[in-house]
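A quick write-up on the structure given underneath.
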Amino acid sequence: ETGVTQTPRHLVMGMTNKKSLKCEQHLGHNAMYWYKQSAKKPLELMFVYSLEERVENNSVPSRFSPECPNSSHLFLHLHTLQPEDSALYLCASSPISSGYYNEQFFGPGTRLTVL
Amino acid sequence: TQLLEQSPQFLSIQEGENLTVYCNSSSVFSSLQWYRQEPGEGPVLLVTVVTGGEVKKLKRLTFQFGDARKDSSLHITAAQPGDTGLYLCAGVPGFKTIFGAGTRLFVKA
(Lines give C-alpha, C1' and ligand atoms only; values in the text may rest on other atoms or scores of the structure.)
Protein backbone atom coordinates (compact mmCIF):
# COMPACT_ATOMS: atom_id res chain seq x y z
CA GLU A 1 0.00 0.00 0.00
CA THR A 2 1.72 3.17 -1.23
CA GLY A 3 -0.95 5.67 -0.23
CA VAL A 4 -2.06 6.17 -3.84
CA THR A 5 -5.26 4.45 -4.95
CA GLN A 6 -6.67 4.09 -8.45
CA THR A 7 -10.10 3.05 -9.67
CA PRO A 8 -11.13 1.09 -11.55
CA ARG A 9 -8.32 -1.48 -11.60
CA HIS A 10 -9.56 -2.90 -14.90
CA LEU A 11 -11.59 -1.24 -17.65
CA VAL A 12 -12.81 -2.52 -21.00
CA MET A 13 -14.39 0.03 -23.27
CA GLY A 14 -15.47 0.45 -26.85
CA MET A 15 -14.07 3.16 -29.08
CA THR A 16 -17.23 5.26 -28.78
CA ASN A 17 -17.50 5.11 -24.99
CA LYS A 18 -16.68 7.82 -22.48
CA LYS A 19 -15.10 6.78 -19.20
CA SER A 20 -12.99 8.28 -16.43
CA LEU A 21 -10.07 7.01 -14.40
CA LYS A 22 -9.72 8.19 -10.81
CA CYS A 23 -6.65 8.60 -8.64
CA GLU A 24 -6.51 9.61 -4.99
CA GLN A 25 -3.44 10.14 -2.83
CA HIS A 26 -3.40 10.17 0.97
CA LEU A 27 0.20 11.33 1.38
CA GLY A 28 -0.22 15.09 1.52
CA HIS A 29 1.69 15.50 -1.74
CA ASN A 30 1.08 18.47 -4.04
CA ALA A 31 2.24 17.11 -7.40
CA MET A 32 0.40 14.40 -9.32
CA TYR A 33 1.16 12.58 -12.56
CA TRP A 34 -0.43 10.38 -15.19
CA TYR A 35 1.77 7.82 -16.98
CA LYS A 36 1.05 5.32 -19.74
CA GLN A 37 2.85 1.97 -19.56
CA SER A 38 2.85 -0.22 -22.67
CA ALA A 39 4.60 -3.57 -23.00
CA LYS A 40 8.39 -3.31 -23.46
CA LYS A 41 8.28 0.50 -23.61
CA PRO A 42 9.46 3.05 -21.05
CA LEU A 43 6.83 4.74 -18.94
CA GLU A 44 5.43 7.66 -20.91
CA LEU A 45 4.67 10.79 -18.91
CA MET A 46 1.31 12.17 -20.01
CA PHE A 47 0.40 14.96 -17.59
CA VAL A 48 1.82 16.67 -14.52
CA TYR A 49 -0.10 18.80 -12.05
CA SER A 50 1.63 20.93 -9.44
CA LEU A 51 -0.56 22.67 -6.85
CA GLU A 52 -3.57 21.74 -8.98
CA GLU A 53 -2.22 23.51 -12.07
CA ARG A 54 -1.15 21.60 -15.15
CA VAL A 55 2.57 22.12 -15.69
CA GLU A 56 3.30 19.47 -18.28
CA ASN A 57 1.40 18.04 -21.21
CA ASN A 58 3.57 15.79 -23.33
CA SER A 59 1.72 16.13 -26.64
CA VAL A 60 -1.02 13.79 -25.54
CA PRO A 61 -3.99 13.38 -27.93
CA SER A 62 -7.06 15.38 -26.98
CA ARG A 63 -9.06 12.17 -26.48
CA PHE A 64 -7.32 12.12 -23.07
CA SER A 65 -8.45 14.94 -20.80
CA PRO A 66 -7.03 15.34 -17.28
CA GLU A 67 -8.69 17.06 -14.34
CA CYS A 68 -7.23 17.93 -10.96
CA PRO A 69 -9.96 19.37 -8.70
CA ASN A 70 -7.71 19.43 -5.60
CA SER A 71 -4.26 18.25 -4.54
CA SER A 72 -5.56 14.82 -3.49
CA HIS A 73 -7.53 13.85 -6.57
CA LEU A 74 -6.68 13.39 -10.22
CA PHE A 75 -8.91 12.21 -13.05
CA LEU A 76 -8.27 11.11 -16.60
CA HIS A 77 -11.32 11.46 -18.83
CA LEU A 78 -11.35 9.20 -21.87
CA HIS A 79 -13.41 9.48 -25.05
CA THR A 80 -13.29 7.99 -28.55
CA LEU A 81 -10.16 6.01 -27.76
CA GLN A 82 -8.28 3.80 -30.19
CA PRO A 83 -7.20 0.16 -29.69
CA GLU A 84 -3.56 1.33 -29.47
CA ASP A 85 -4.51 3.25 -26.32
CA SER A 86 -4.83 -0.08 -24.50
CA ALA A 87 -2.22 -0.02 -21.74
CA LEU A 88 -1.65 0.26 -18.00
CA TYR A 89 -2.35 3.81 -16.83
CA LEU A 90 -0.43 4.74 -13.72
CA CYS A 91 -1.01 7.63 -11.37
CA ALA A 92 1.79 8.94 -9.16
CA SER A 93 2.30 11.69 -6.62
CA SER A 94 5.29 13.43 -5.09
CA PRO A 95 5.96 16.25 -2.67
CA ILE A 96 7.10 19.35 -4.53
CA SER A 97 9.61 20.00 -1.78
CA SER A 98 11.52 16.91 -2.93
CA GLY A 99 12.08 18.80 -6.20
CA TYR A 100 15.62 17.72 -6.87
CA TYR A 101 14.87 14.07 -6.19
CA ASN A 102 11.28 13.90 -7.37
CA GLU A 103 10.66 10.61 -5.64
CA GLN A 104 7.31 9.43 -6.88
CA PHE A 105 4.77 7.15 -5.28
CA PHE A 106 2.70 5.15 -7.73
CA GLY A 107 -0.77 3.71 -7.57
CA PRO A 108 -1.48 0.14 -8.74
CA GLY A 109 -2.69 1.31 -12.14
CA THR A 110 -5.76 0.84 -14.30
CA ARG A 111 -5.46 -1.85 -16.98
CA LEU A 112 -7.37 -0.37 -19.94
CA THR A 113 -8.49 -2.40 -22.93
CA VAL A 114 -10.05 -0.62 -25.90
CA LEU A 115 -12.04 -2.85 -28.22
CA THR B 1 16.68 13.67 -26.10
CA GLN B 2 17.56 11.99 -22.86
CA LEU B 3 17.25 8.21 -22.99
CA LEU B 4 17.91 5.52 -20.44
CA GLU B 5 18.83 2.10 -21.77
CA GLN B 6 18.48 -0.88 -19.48
CA SER B 7 20.13 -4.26 -19.95
CA PRO B 8 19.42 -7.05 -20.08
CA GLN B 9 15.77 -6.73 -21.03
CA PHE B 10 14.95 -10.11 -19.52
CA LEU B 11 16.79 -12.32 -17.05
CA SER B 12 15.80 -15.74 -15.72
CA ILE B 13 17.98 -17.24 -12.98
CA GLN B 14 17.93 -19.87 -10.25
CA GLU B 15 17.43 -19.01 -6.61
CA GLY B 16 20.75 -18.29 -4.92
CA GLU B 17 22.50 -16.85 -7.98
CA ASN B 18 23.94 -13.35 -8.17
CA LEU B 19 23.05 -10.90 -10.91
CA THR B 20 23.72 -7.37 -12.12
CA VAL B 21 21.48 -5.19 -14.24
CA TYR B 22 22.53 -1.97 -15.90
CA CYS B 23 21.13 1.44 -16.70
CA ASN B 24 23.03 3.58 -19.20
CA SER B 25 22.64 6.99 -20.76
CA SER B 26 24.64 9.44 -22.83
CA SER B 27 23.24 12.21 -20.64
CA VAL B 28 24.30 13.31 -17.19
CA PHE B 29 21.65 13.11 -14.50
CA SER B 30 21.67 14.96 -11.23
CA SER B 31 20.22 11.88 -9.58
CA LEU B 32 18.93 8.47 -10.53
CA GLN B 33 16.31 6.21 -9.01
CA TRP B 34 15.58 2.50 -9.08
CA TYR B 35 12.04 1.17 -8.83
CA ARG B 36 10.67 -2.38 -8.69
CA GLN B 37 7.30 -3.21 -10.18
CA GLU B 38 5.52 -6.47 -9.41
CA PRO B 39 2.79 -7.90 -11.64
CA GLY B 40 -0.49 -6.04 -11.22
CA GLU B 41 1.07 -3.24 -9.20
CA GLY B 42 2.67 0.13 -9.76
CA PRO B 43 6.43 0.77 -9.42
CA VAL B 44 7.79 1.10 -5.89
CA LEU B 45 10.84 3.26 -5.21
CA LEU B 46 13.86 1.30 -3.97
CA VAL B 47 16.61 3.93 -3.83
CA THR B 48 17.80 7.32 -5.04
CA VAL B 49 21.50 7.90 -5.80
CA VAL B 50 22.83 11.41 -6.11
CA THR B 51 26.61 11.58 -5.95
CA GLY B 52 28.89 10.23 -8.69
CA GLY B 53 30.45 6.97 -7.49
CA GLU B 54 27.88 6.59 -4.73
CA VAL B 55 27.09 3.08 -3.52
CA LYS B 56 23.95 2.27 -1.55
CA LYS B 57 22.93 -1.05 -0.08
CA LEU B 58 19.44 -2.30 0.66
CA LYS B 59 19.76 -5.75 2.23
CA ARG B 60 20.90 -7.99 -0.66
CA LEU B 61 20.62 -5.19 -3.24
CA THR B 62 23.60 -2.94 -4.03
CA PHE B 63 23.13 0.16 -6.14
CA GLN B 64 25.96 2.14 -7.72
CA PHE B 65 25.93 5.48 -9.51
CA GLY B 66 28.65 5.92 -12.13
CA ASP B 67 31.41 8.44 -11.51
CA ALA B 68 30.20 10.54 -14.45
CA ARG B 69 26.57 10.23 -13.33
CA LYS B 70 25.57 8.75 -16.70
CA ASP B 71 25.03 5.16 -15.64
CA SER B 72 24.03 2.98 -12.74
CA SER B 73 23.98 -0.67 -11.79
CA LEU B 74 21.94 -2.85 -9.49
CA HIS B 75 23.55 -5.98 -8.08
CA ILE B 76 21.49 -8.62 -6.29
CA THR B 77 23.25 -11.20 -4.14
CA ALA B 78 21.71 -14.65 -3.61
CA ALA B 79 18.52 -13.87 -5.51
CA GLN B 80 15.23 -15.14 -4.11
CA PRO B 81 11.87 -15.76 -5.82
CA GLY B 82 10.56 -12.66 -4.04
CA ASP B 83 12.98 -10.58 -6.11
CA THR B 84 10.98 -11.40 -9.23
CA GLY B 85 9.69 -8.27 -10.93
CA LEU B 86 10.39 -5.46 -13.36
CA TYR B 87 13.31 -3.25 -12.33
CA LEU B 88 13.10 0.31 -13.66
CA CYS B 89 15.71 3.03 -13.53
CA ALA B 90 14.66 6.66 -13.74
CA GLY B 91 16.69 9.83 -14.28
CA VAL B 92 15.75 13.09 -12.56
CA PRO B 93 15.58 16.05 -11.68
CA GLY B 94 12.51 18.11 -12.24
CA PHE B 95 9.07 16.88 -13.15
CA LYS B 96 10.34 15.24 -16.31
CA THR B 97 11.53 12.02 -14.80
CA ILE B 98 12.87 9.82 -17.61
CA PHE B 99 12.28 6.08 -17.25
CA GLY B 100 14.06 3.17 -18.87
CA ALA B 101 12.07 0.27 -20.34
CA GLY B 102 13.14 -1.99 -17.49
CA THR B 103 14.75 -5.35 -16.83
CA ARG B 104 12.29 -8.15 -16.19
CA LEU B 105 13.77 -10.55 -13.63
CA PHE B 106 12.43 -14.03 -12.92
CA VAL B 107 13.96 -16.02 -10.07
CA LYS B 108 13.14 -19.71 -10.08
CA ALA B 109 12.88 -21.64 -6.84
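Side-chain atoms are counted along with the backbone in the values below, which use heavy atoms only and exclude waters and symmetry mates. Per chain, numbering begins at 1; letters A, B, ... match sequence-line order.
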Self-check item: Backbone of B:Gly102 reached by a side-chain donor or acceptor of B:Gln6 within 3.5 Å
Solution: yes

Quiz item: Which residues satisfy the salt bridge (charged side-chain N to carboxylate O under 4.0 Å, His left out) test with B:Arg60, sequence neighbours excluded?
Solution: B:Asp83

Quiz item: So which part of B:Leu86 gets closer than 4.5 Å to some heavy atom of chain A, the side chain, the backbone, both or neither?
Solution: side chain

Quiz prompt | Expected output: side-chain B:Tyr87 to main-chain B:Tyr22 donor-acceptor under 3.5 Å | solution = no

Quiz item: So which of B:Glu38, B:Arg104, B:Gln37 has the biggest tally of heavy-atom pairs under 4.5 Å with chain A?
Solution: B:Gln37

Practice problem: Check whether A:Leu43 gets within reach of chain B through its side chain, its backbone, both or neither, counting any heavy atom under 4.5 Å. | Solution: both

Quiz prompt | Under 4.5 Å from any heavy atom of chain B - which part of A:Arg111 | solution = neither

Quiz prompt | Inter-residue atom distance A:Ser72.OG - A:Met32.CE, 0.5 Å rounding | solution = 7.5 Å

Practice problem: Sort B:Phe10 into side chain, backbone, both or neither according to what part of it lies under 4.5 angstrom from a heavy atom of chain A. | Solution: neither

Show me, pair by pair, the donor-acceptor contacts under 3.5 angstrom made by side chains of residues 74-83 of chain A, not counting sequence neighbours?
residue : atom : partner : partner atom : Å
A:His77 : ND1  : A:Ser20 : OG           : 2.6
A:His77 : NE2  : A:Glu67 : OE1          : 2.7
A:His79 : NE2  : A:Ser62 : O            : 3.4

Quiz item: Where does A:Gln37 contact chain B at under 4.5 Å (heavy atoms): side chain, backbone, both or neither?
Solution: side chain

